[in-house]
Every structure is written in structure tokens, then in C-alpha cells.
Asker: 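Sending over a structure as C-alpha cells; questions will come in a sec.
Owing to the predicted nature of the structure, the values given are computational and were not obtained by experimental measurement. Note that these values count all heavy atoms, side chains included, but never hydrogens, waters or copies made by symmetry.
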Amino acid sequence: MDNYVPRLKKVYKDKIAPELFKELGYTSVMQIPAIKKVVVSMGVGEALTNKKLLDAAVADISQITGQHAVKTRARKSIANFKLREGNEVGVMVTLRGNNMYEFLDRLINVALPRVKDFRGIKATGFDGHGNFSLGITEQIIFPEIDFDKITKIAGMNISIVTSAKTDAEAKALLTKFNMPFRK
């Protein structure tokens, strides 16, 4: 298991990195953009009244990513939402290394094509610094989730953090990974 290399990581090293080096005209291999980490998060606002939803969200995200998720707390109180500082209202997991490449492979090649009426991802999710975020409305698009055992259908946010300096470099990198951007 020590010498296992995920398929997407191998494709990046053998094919994508050399192509980006030539296309973008870099002078050093250290300039080639790479994916640093992937953050998967889910907000569970109803967890204020029903704590079992938060535990179900932890189980779902842990099953999807293959890594234990942590509960996140509210940073400040908001009276209109009956939210107090320190309440547990979300779940998140940060993926790096092999887990990150395995998750991206499943997301791009298995989960996104399962979305109903899927026409591609909008390319407006870039933040200006080479990072990309997208929202998914249902966690049931992942094959790891058993539809009969979920307590509530919920959405999730996925942030892909890259070492690219600009959005154009990051989009070129993600396009090489076959991210299905809308034409």
C-alpha cells in the first residue's frame, strides 16, 4: 500500500504538468500550478433543534471522502436565526495527498455526471487567486451514499485550493483534469 499512486495523481505528473509547462511558457517546473487541498463542507442549520442531523452529516461526509469529518461551530451569534456563538452548525473535512486525488477522481468522473440535467459547471466559482468553489445540491450523487439510509438530503460546498497565481492558470489546470466546465 506504500507504493500506491492514485490514477489522477499519475496523470498529473506524467501528462498534465508537462503540457501546462509548455502551454503557459514557464521557466521553472516550480511554477506549474498544482492542487494543494480540497475542502468539503456542509452547513446543517437545522442542527440547532435536531442534533441527530449533525451526526448524520458527519457520517455522510466521512463516507463520501473516506476521512473523518469534524463539526464546525458558529463564529458569532445571530438573533434572527436563533444562533448562538459556539453552536455546532456544520461539518467539514480537508483532503490532501492521495485522499484528495481519489475524491477528485470520483467527483469528476462519477458524481457530477450523475447530476440530473447536468450541463456542466459554471466557471464563475474562481475567487481571483486561483481557487475554485462549487456547490452541490444533493449528497446522493455520490455512489457511496445509500439512498435508503439518509436522514435528510443536503447540499455541500467543495473548495479546490490550487497553487495557481491567476484564475486563468487554475482554469487551465482544472480543465486538464477534465472538470466539466460549461461551454
Asker: Would you please name every residue forming a side-chain hydrogen bond (donor to acceptor under 3.5 Å, both in side chains) with T175, sequence neighbours left out?
Answerer: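 For T175 there are no side-chain hydrogen bond (donor to acceptor under 3.5 Å, both in side chains) partners, ignoring immediate neighbours.
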
Asker: Listed by chain and number, what are the salt bridge (Lys or Arg N to Asp or Glu O under 4.0 Å) partners of K36, not counting sequence neighbours?
Answerer: none

Asker: Heavy-atom distance under 4.5 Å between the side chains of D55 and K71, does that happen here?
Answerer: yes

Asker: Please report the closest heavy-atom contact between L24 and Y26, naming both atoms and the distance.
Answerer: CD1-OH, 3.3 Å

Asker: Using only atom types and a distance under 3.5 Å, with no angle test, would you say the side chain of E169 pairs donor to acceptor with the backbone of K165?
Answerer: yes

Asker: Count I, L, V, M, F, W, Y as connected when their side-chain heavy atoms are under 4.5 Å apart, and connections chain through other members. Are V29 and Y12 then in the same cluster?
Answerer: yes

Asker: What closest approach, in Å, do P180 and I108 show between heavy atoms, and which atom pair accounts for it?
Answerer: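 Residues P180 and I108, closest heavy atoms: CD-CG2, 4.4 Å.
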
Asker: Please report the interatomic distance CD1(I61) to CD1(I145), rounded to the nearest 0.5 Å.
Answerer: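 Taking CD1 in I61 and CD1 in I145, the distance rounds to 9.0 Å.
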
Asker: Any side-chain to backbone donor/acceptor pair from S133 onto G125? Under 3.5 Å, distance only.
Answerer: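 Side chain of S133 to backbone of G125: no pair is present.
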
Asker: First locate atom NE2 of H129, then atom OG of S163, and finally report the distance between them rounded to the nearest 0.5 Å.
Answerer: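 So the gap between those two atoms works out to 14.5 Å.
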
Asker: Under 3.5 Å, is there a donor-acceptor pair between the side chain of T72 and the main chain of G90?
Answerer: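 Yes: the side chain of T72 pairs with the backbone of G90.
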
Asker: Does D167 have any salt bridge (Lys or Arg N to Asp or Glu O under 4.0 Å) partners at least two apart in sequence or in another chain, and if so, which?
Answerer: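 Counting only residues at least two positions away or on another chain, D167 forms no salt bridge (Lys or Arg N to Asp or Glu O under 4.0 Å).
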
Asker: Could I get the full list of side-chain hydrogen bond (donor to acceptor under 3.5 Å, both in side chains) partners for T124, not counting sequence neighbours?
Answerer: none

Asker: Quick one: does S41's side chain have a donor or acceptor within less than 3.5 Å of a partner on V91's backbone?
Answerer: no

Asker: State, yes or no, whether a side-chain contact exists between I64 and F103 at a heavy-atom distance under 4.5 Å.
Answerer: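 I64 vs F103: side chains touch.
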
Asker: Holding to side-chain hydrogen bond (donor to acceptor under 3.5 Å, both in side chains), I want the full list of residues that pass it with D127, two or more places apart in sequence or in another chain.
Answerer: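 D127 satisfies side-chain hydrogen bond (donor to acceptor under 3.5 Å, both in side chains) with N131 only.
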
Asker: Do L95 and K37 have side chains that get closer than 4.5 Å, going by heavy atoms?
Answerer: no

Asker: Same cluster for V5 and I32 if Ile/Leu/Val/Met/Phe/Trp/Tyr side chains link at under 4.5 Å?
Answerer: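 Not linked; separate clusters.
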
Asker: Do R96 and T94 come close enough that some side-chain heavy atom pair is under 4.5 Å?
Answerer: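 When only atoms from C-beta onward are counted, T94 and R96 do touch, with a gap below 4.5 Å.
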
Asker: Go through the structure and list residues passing side-chain hydrogen bond (donor to acceptor under 3.5 Å, both in side chains) with K52, not counting sequence neighbours.
Answerer: none

Asker: Quick check: do L173 and I16 have side-chain heavy atoms less than 4.5 Å from each other?
Answerer: yes

Asker: Report the residues that fulfil ring pair (Phe, Tyr, Trp, His ring centres under 6.0 Å) with F132, sequence neighbours left out, ordered by chain and then residue number.
Answerer: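 For F132 the ring pair (Phe, Tyr, Trp, His ring centres under 6.0 Å) partners, ignoring immediate neighbours, are F126, F181.
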
Asker: Do you know which two heavy atoms are closest between V58 and A69, and how far apart they sit?
Answerer: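 For V58 and A69, the tightest heavy-atom pair comes out as CG1-O, 4.0 Å.
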
Asker: Restricting to salt bridge (Lys or Arg N to Asp or Glu O under 4.0 Å), what partner residues turn up for K171, sequence neighbours left out?
Answerer: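 Result, salt bridge (Lys or Arg N to Asp or Glu O under 4.0 Å) vs K171: none returned.
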
Asker: Show me the pairs that pass salt bridge (charged side-chain N to carboxylate O under 4.0 Å, His left out) and involve residues 109-123, at least two apart or across chains.
Answerer: none

Asker: Hydrophobic clusters join Ile, Leu, Val, Met, Phe, Trp and Tyr when side-chain heavy atoms are under 4.5 Å apart, directly or via other members; which others share one with M92?
Answerer: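 Via sub-4.5 Å side-chain contacts, M92 links to V39, V70.
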
Asker: Taking all heavy atoms of A164 and all of A170, pick out the closest pair and write down the distance.
Answerer: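 So the two residues come closest at CB-N, 3.6 Å.
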
Asker: Return the minimal non-hydrogen interatomic distance between K13 and P18, and the atom names on each side.
Answerer: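 Of all heavy-atom pairs spanning K13 and P18, the closest is O-CD, 3.7 Å.
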
Asker: Can you give me the closest heavy-atom contact between N157 and G135, atom names plus distance?
Answerer: OD1-CA, 4.3 Å

Asker: Report yes or no: do V11 and L107 belong to one cluster of Ile/Leu/Val/Met/Phe/Trp/Tyr joined by side chain heavy-atom distances under 4.5 Å?
Answerer: yes

Asker: Does M156 reach the side chain of V40, with side-chain heavy atoms less than 4.5 Å apart?
Answerer: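 Yes; the side chains approach each other to less than 4.5 Å.
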
Asker: Per the side chain to side chain donor-acceptor pair (under 3.5 Å) rule, what does the pair list look like for residues 56-65, sequence neighbours excluded?
Answerer: D60-Q139

Asker: Are the side chains of L104 and F177 in touch, meaning some heavy atoms are under 4.5 Å apart?
Answerer: no

Asker: Treating Ile, Leu, Val, Met, Phe, Trp and Tyr as nodes and any side-chain heavy-atom pair under 4.5 angstrom as an edge, say whether V44 and I158 lie in one connected cluster.
Answerer: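 Per the 4.5 Å side-chain linkage, V44 and I158 are co-clustered.
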
Asker: Among all residues two or more places apart in sequence or in another chain, which pass the salt bridge (Lys or Arg N to Asp or Glu O under 4.0 Å) test with E144?
Answerer: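 By the salt bridge (Lys or Arg N to Asp or Glu O under 4.0 Å) rule, E144 matches R106.
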
Asker: Would you check, one step at a time, whether the test side chain to side chain contact (heavy atoms under 4.5 Å, CB included) holds for D105 with V110?
Answerer: CA-CA 8 Å; D105 198 4; V110 179; over 6 Å; no

Asker: Are I153 and L54 co-members of a hydrophobic cluster defined by side-chain heavy atoms under 4.5 Å apart?
Answerer: yes

Asker: How long is the gap from OH on Y4 to CD on E102, to the nearest 0.5 Å?
Answerer: 3.0 Å

Asker: Only one of V38, I160, L8 forms a side-chain contact (heavy atoms from CB on, under 4.5 Å) with M100, so which one is it?
Answerer: V38

Asker: Using side-chain heavy atoms (C-beta onward) and a distance below 4.5 Å, is M179 in contact with I121?
Answerer: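 Yes, close enough: below the 4.5 Å cut-off.
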
